[in-house]
Every structure is written in structure tokens, then in C-alpha cells.
Number of protein chains: 2
Amino acid sequence: MERLLDGSLSEAPSFLLARANARSLAQGNAALVPLKLKVRSYAVLALACGPERPSQKELAQFLRLDPSQVVALVDDLEAQGLVERTTDQADRRTKVVVATDIGREREREARAALDEADTIVFRSLTAAERAALAALLRSVALDD
Amino acid sequence: MERLLDGSLSEAPSFLLARANARSLAQGNAALVPLKLKVRSYAVLALACGPERPSQKELAQFLRLDPSQVVALVDDLEAQGLVERTTDQADRRTKVVVATDIGREREREARAALDEADTIVFRSLTAAERAALAALLRSVALDD
DNA sequence: TATTGTTATACTCTATAACTATA
DNA sequence: TATAGTTATAGAGTATAACAATA
């Protein structure tokens, strides 16, 4: 079947990027099912666990999501008791999203699950190649 | 705002992959708007231009799409006169998708547009780095 | 008047199952 | 009975506009 592999499509970086990402996303979401998270909601939870105390606005900008999507993600995490919304006293329009203790514990479990998923997705690469890939991707991903 | 960049999320390969892909997909689709194509439909068109004469089943497997999605993509391309469905005489259940002359011309234009989009997406990389990225991604993307 | 978060809506994408015609 | 393609449908994901509270 894979005679189509010879085509020029298989050389287009954007095609390879899309396919690698599809694998990574599928593995990641599958690994997070038992933790009632998805890759999207994990990203919000992970940021809420950091010391930066991000607002929803900042989450939307950093994750390149529409603010209305962040609402839905935070709603879900809050309903699970993993994060809390606290209104910033300096500007009472903005709501800061912080993880609860349960949220921090869940985040650790999720990170471990995602690490395991990554070992599957990137199993064909050596550790050095994996680091090189991360560096190249960082350059592409964070280039504004 | 980008103080969130310090977080551990920014080091997760799957996060970087997702973000790089989002950029690539957005740029690619934007570049294809004038040609009435999307990255998805371009992939089908490109394969229909090759000498392999793929069936819809093969397209679905190679592109990791559900057969019903391939139907919709081929419908769109066919409505534009870019591809034709011909029933395989050896097995009259299977339909082979081949590009028309107009389709081949459109594919060339689309490839040029996507190449240009890629120069933007991957502008932070040297040619050698770009090749290295493609090789690493190929390993990840095509590893079954 | 502008901004943060929210709600509502619609549009695309994706996944599933049932149907047809062929084998 | 099984397979290729098709149709229908529902669920995610995504984008947009309008609204409330605050600045």
C-alpha cells in the first residue's frame, strides 16, 4: 500500500510536521484519558501550576487560543477542582488561574503520562536526535 | 507577556510540535486560499497527480483520514474539475482518483504557494537545519 | 471609550454507524 | 461474508460577534 510514500508529498516539511503532530496528539490524548485531561487542558493546568499566576488573557495569547476557548478549558478544570479563578485585585476585570493542591498532583501524574507517550512517539530517535528536534522545533514554534 | 515562556511546557517536544504545526497549517491554508484549496485537499490533489493512481482507500490510509472524509475531499476537487474518479476495471468497487490537466496545473501553482509559505514558517532555520528537521520529522512521522 | 471575561452561534473537522454495490 | 465507497449524523475544535463588569 505504501507505494504512495515515494511521492513528493513525503518530502514537504509541512506535511511531515502535520503527520508527526497528529501522532503526538493522538498518543498524548490517549495517555491523558485516565486523568480526565486532554493535551489542551493539560497545557492550561501546567501553566496554572507555575509561579507566573497567568490570567486568562495571558493563557489565550501564549496558547494561541481564543479567550472564549480558554473559558471552556478553565471551566472544565475548575469543575474538577484542579484550578481556581481568583480576581486580580489590581485590575478586577482580570482573573488569575492558579492550580489547587489536587491540580498540582494531577499535573505531575499527567506529565509522567505524557513523558511516557513521548517515548513512544519519538522512539525512532536517539536522545541526541530528540534534543536536536526539540531545538529546531523551538526555533520554528516560538519565532514571532 | 511572554513570561510564560520559561515554564516547562516550552520544553515539551509535543507542545513545540503542536505549535510549529499550527503555524505551518495556518500559513499553508492562507497561501492556498486564492487557489481554492486547503492543505488537506492539496494533499489529495498532489497524490492524484502522481503516477501511482491511488484509490480512495489508499488515500485514506496514507493520509490517515476516514474514508468518508476522502469522499468529501474528492467531491470538492471533482466539482472544481481538478480530479476525476474512474472505476478500477479489475475491481469495480474501487475508484481511482486521477488529476485532470487543469488539476495538474493547479497543483503546480499550489506547490509554489506552499513553498513560499514554508520559507516564512521556517525562516529562522538555515537550509541545513531545515533539511535536518525534515529528516527527523520523517523518522517520527513515518514510523509505524 | 477600551479591555477582560463570558455567552451564543456557526462553521469546520473528525469519528461512527448504516447503507450500496461489488467481490 | 467481506470490502470500497457513500451518506447521515453527532461530537470536537475553532472563529466571530455581542454582552457585562471594570478600567
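Below, all heavy atoms of this structure are taken into account, side chains as well, without hydrogens, waters or symmetry copies. Note that the structure is predicted; figures quoted are calculated from it, not measured. Numbers restart at 1 for each chain; the letters A, B, ... are given by sequence-line order, proteins then strands.
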Tell me: CG of Asp76(B) to C1' of dT12(C), nearest whole Å?
13 Å
Quick check: do Phe15(B) and Leu63(A) have side-chain heavy atoms less than 4.5 Å from each other?
yes
Per-pair distances, 0.1 Å, donor-acceptor, side chain in residues 76-84 of chain A, under 3.5 Å, sequence neighbours excluded:
residue: Glu78(A); atom: OE1; partner: Arg85(A); partner atom: NE; Å: 3.2
residue: Glu78(A); atom: OE1; partner: Arg85(A); partner atom: NH2; Å: 3.4
residue: Glu78(A); atom: OE2; partner: Arg85(A); partner atom: N; Å: 3.3
residue: Gln80(A); atom: OE1; partner: Arg106(A); partner atom: NH1; Å: 3.1
residue: Gln80(A); atom: NE2; partner: Lys36(A); partner atom: O; Å: 3.0

CG of Asp75(A) versus P of dA8(C): gap in Å, rounded?
12 Å
Distance in angstrom units between Gln56(A) CD and dG5(C) P, rounded:
5 Å
Along nucleotides 16-23 of chain D, 5' to 3', which nucleotides get a B, which get an S, and which get a -, given that the test is a protein heavy-atom distance under 4.0 Å?
B----BBS
Whole angstrom value for the distance that separates C1' of dT3(D) from CD of Gln61(B):
12 Å
What pairs of donor and acceptor atoms, side-chain ones from residues 7-14 of chain A against any protein atom, are under 3.5 angstrom apart with sequence neighbours left out?
residue: Ser10(A); atom: OG; partner: Leu5(A); partner atom: O; Å: 2.8

Is Arg85(B) close enough to dT6(D) that one of its side-chain N or O atoms is under 4.0 Å from OP1 or OP2 there?
yes
Please state whether the phosphate of dT12(C), meaning OP1 or OP2, lies under 4.0 angstrom from any side-chain nitrogen or oxygen of Lys38(B).
no
Across all chains, not counting sequence neighbours, the side chain to side chain donor-acceptor pair (under 3.5 Å) partners of Arg111(B) are Glu107(B)
Could you tell me which residues satisfy side chain to side chain donor-acceptor pair (under 3.5 Å) with Arg53(A), sequence neighbours excluded, listed by chain and number?
none
Whole-Å distance separating the NZ atom of Lys57(A) from the P atom of dT4(C):
4 Å
Rounded to whole Å, the CG-P distance (Leu63(A) to dG13(D)) equals 14 Å
Determine: side-chain N/O of Lys95(B) to OP1/OP2 of dA4(D), distance under 4.0 Å, yes or no.
no
Using side chain to side chain donor-acceptor pair (under 3.5 Å) as the criterion, list what pairs up with Ser139(A), not counting sequence neighbours.
Ser124(B)
Residue closer to the 5' end of DNA chain C, Thr94(A) versus Leu65(B) (nearest nucleotide)
Thr94(A)
Donor-acceptor pairs under 3.5 angstrom involving side-chain atoms of residues 66-74 of chain B: please list them, not counting sequence neighbours.
residue: Asp66(B); atom: OD2; partner: Ser68(B); partner atom: N; Å: 3.0
residue: Asp66(B); atom: OD2; partner: Ser68(B); partner atom: OG; Å: 2.7

Without decimals, in angstroms, what is the distance between Arg53(B) CZ and dA4(D) P?
18 Å
Quick check on contacts: within residues 23-37 of chain B, what sits under 4.0 Å from DNA chain C by heavy-atom distance?
none
Taken to the nearest whole Å, CD/Glu78(B) to C1'/dG5(D) is 13 Å
For Arg93(A), give me all partners under salt bridge (charged side-chain N to carboxylate O under 4.0 Å, His left out), at least two apart in sequence or on another chain.
Asp91(A)
Measuring from atom CG of Leu59(A) to atom CG of Leu65(A), what distance do you get when rounded to the nearest 0.5 angstrom?
9.0 Å
